[in-house]
*Asks:* 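Here's a structure for you.
We're numbering straight along the sequence, starting at 1. A quick note: this is a predicted structure, and the numbers were derived from the prediction, not measured. Side chains included, hydrogens not; waters and symmetry mates left out as well; all remaining heavy atoms used.
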Amino acid sequence: QVQLVESGGGLVQVGGSLRLSCAASGLTFSSHVMGWFRQAPGKEREFVAVINRGGDTTYYADSVKGRFTISRDNAENTVYVQMNSLKPEDTAVYYCAARTGSTVTITAPMYNYWGQGTQVTVSS
């Protein structure tokens, strides 16, 4: 049974930082592209960042580029997103997702597995 478990969310002030983690089990982690998405209240789920299987290719949403960094540790079956210079508009539930295969995509329906999400709230 595949499980993706996010952690690291919480309440932070504007300009602060958080590091989210997503621990994967029940799958061959290194065979999966990993992505982070987020959903704010009343909004559609949106792409945040993606990393390829080897960890050497990343893409970011324009809204987070330069502030967020995605990384992965295939030995630990974990993907991270370091979030700096947080803004109120970053407030959302953050989800990690896994896509089987090598195709790097920002499209949510293309992902096979999803975590339950972790809340990030940025207060002003």
*Asks:* Name all pairs fulfilling the side chain to side chain donor-acceptor pair (under 3.5 Å) condition that reach into residues 67-81, sequence neighbours left out, sorted by first residue then second.
*Replies:*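 Applying side chain to side chain donor-acceptor pair (under 3.5 Å) to every pair that reaches into residues 67-81, excluding sequence neighbours, yields R67-D90, R72-N74.
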
*Asks:* Please say yes or no: joined through hydrophobic side-chain contacts below 4.5 Å, possibly via intermediate residues, are L86 and I70 part of one cluster?
*Replies:*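 Yes, L86 and I70 fall within the same hydrophobic cluster.
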
*Asks:* Got more than 12 heavy atoms from elsewhere within 6.0 Å of CD, E89?
*Replies:*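 Counting other residues, nucleotides and ligands, CD of E89 exceeds 12 neighbours.
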
*Asks:* If you group Ile, Leu, Val, Met, Phe, Trp and Tyr by side-chain heavy-atom gaps below 4.5 Å, do Y111 and V104 land in one group?
*Replies:*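 Y111 and V104: one cluster.
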
*Asks:* Can L4 be reached from Y94 by stepping across I, L, V, M, F, W or Y side chains whose heavy atoms are under 4.5 Å apart?
*Replies:*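 Cluster IDs for Y94 and L4 match.
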
*Asks:* Would you mind writing out the side-chain donor-acceptor pairs for residues 41-57 within the sub-3.5 Å range, not counting sequence neighbours?
*Replies:*
unit_1: E46; atom_1: OE2; unit_2: R38; atom_2: NE; d: 2.6
unit_1: E46; atom_1: OE2; unit_2: R38; atom_2: NH2; d: 3.1
unit_1: N52; atom_1: OD1; unit_2: G55; atom_2: N; d: 2.9
unit_1: N52; atom_1: OD1; unit_2: D56; atom_2: N; d: 2.9
unit_1: N52; atom_1: OD1; unit_2: T57; atom_2: N; d: 3.0
unit_1: N52; atom_1: ND2; unit_2: D56; atom_2: OD1; d: 2.6

*Asks:* Atom CD in E6, atom CH2 in W36: separation rounded to 0.5 Å?
*Replies:*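 CH2 of W36 is found 5.5 Å from CD of E6.
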
*Asks:* Side chain to side chain donor-acceptor pair (under 3.5 Å): which pairs involve residues 113-124, sequence neighbours left out?
*Replies:*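 Qualifying pairs, neighbours excluded: Q119-T121.
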
*Asks:* CZ of F68 to OH of Y60: how many Å apart, nearest 0.5 Å?
*Replies:*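 One finds 10.5 Å between CZ of F68 and OH of Y60.
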
*Asks:* Could you list the donor-acceptor pairs under 3.5 angstrom formed between side-chain atoms of residues 95-102 and any protein atom two or more places apart in sequence or on another chain?
*Replies:*
unit_1: R99; atom_1: NE; unit_2: T103; atom_2: O; d: 3.3
unit_1: R99; atom_1: NH1; unit_2: M110; atom_2: O; d: 2.9
unit_1: T100; atom_1: OG1; unit_2: H32; atom_2: NE2; d: 2.9
unit_1: T100; atom_1: OG1; unit_2: N112; atom_2: OD1; d: 3.4

*Asks:* How long is the gap from CD1 on I106 to OH on Y59, to the nearest 0.5 Å?
*Replies:*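 Going from the CD1 atom of I106 to the OH atom of Y59 covers 10.5 Å.
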
*Asks:* Do you reckon V14 sits in the same ILVMFWY cluster as V12, going by side-chain contacts under 4.5 Å, direct or chained?
*Replies:*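 Yes; tracing contacts between hydrophobic side chains, which count when under 4.5 Å, links both residues.
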
*Asks:* Could you tabulate the donor-acceptor pairs under 3.5 Å formed by side-chain atoms of residues 15-31, not counting sequence neighbours?
*Replies:*
unit_1: S17; atom_1: OG; unit_2: N84; atom_2: OD1; d: 2.9

*Asks:* With side-chain contact (heavy atoms from CB on, under 4.5 Å) as the criterion, how do V120 and M83 come out once you've worked through the C-alpha distance, each side chain's angles and the decisive distance to 0.1 Å?
*Replies:* CA-CA 10 Å; V120 171; M83 307 187 297; 3.8 Å; yes

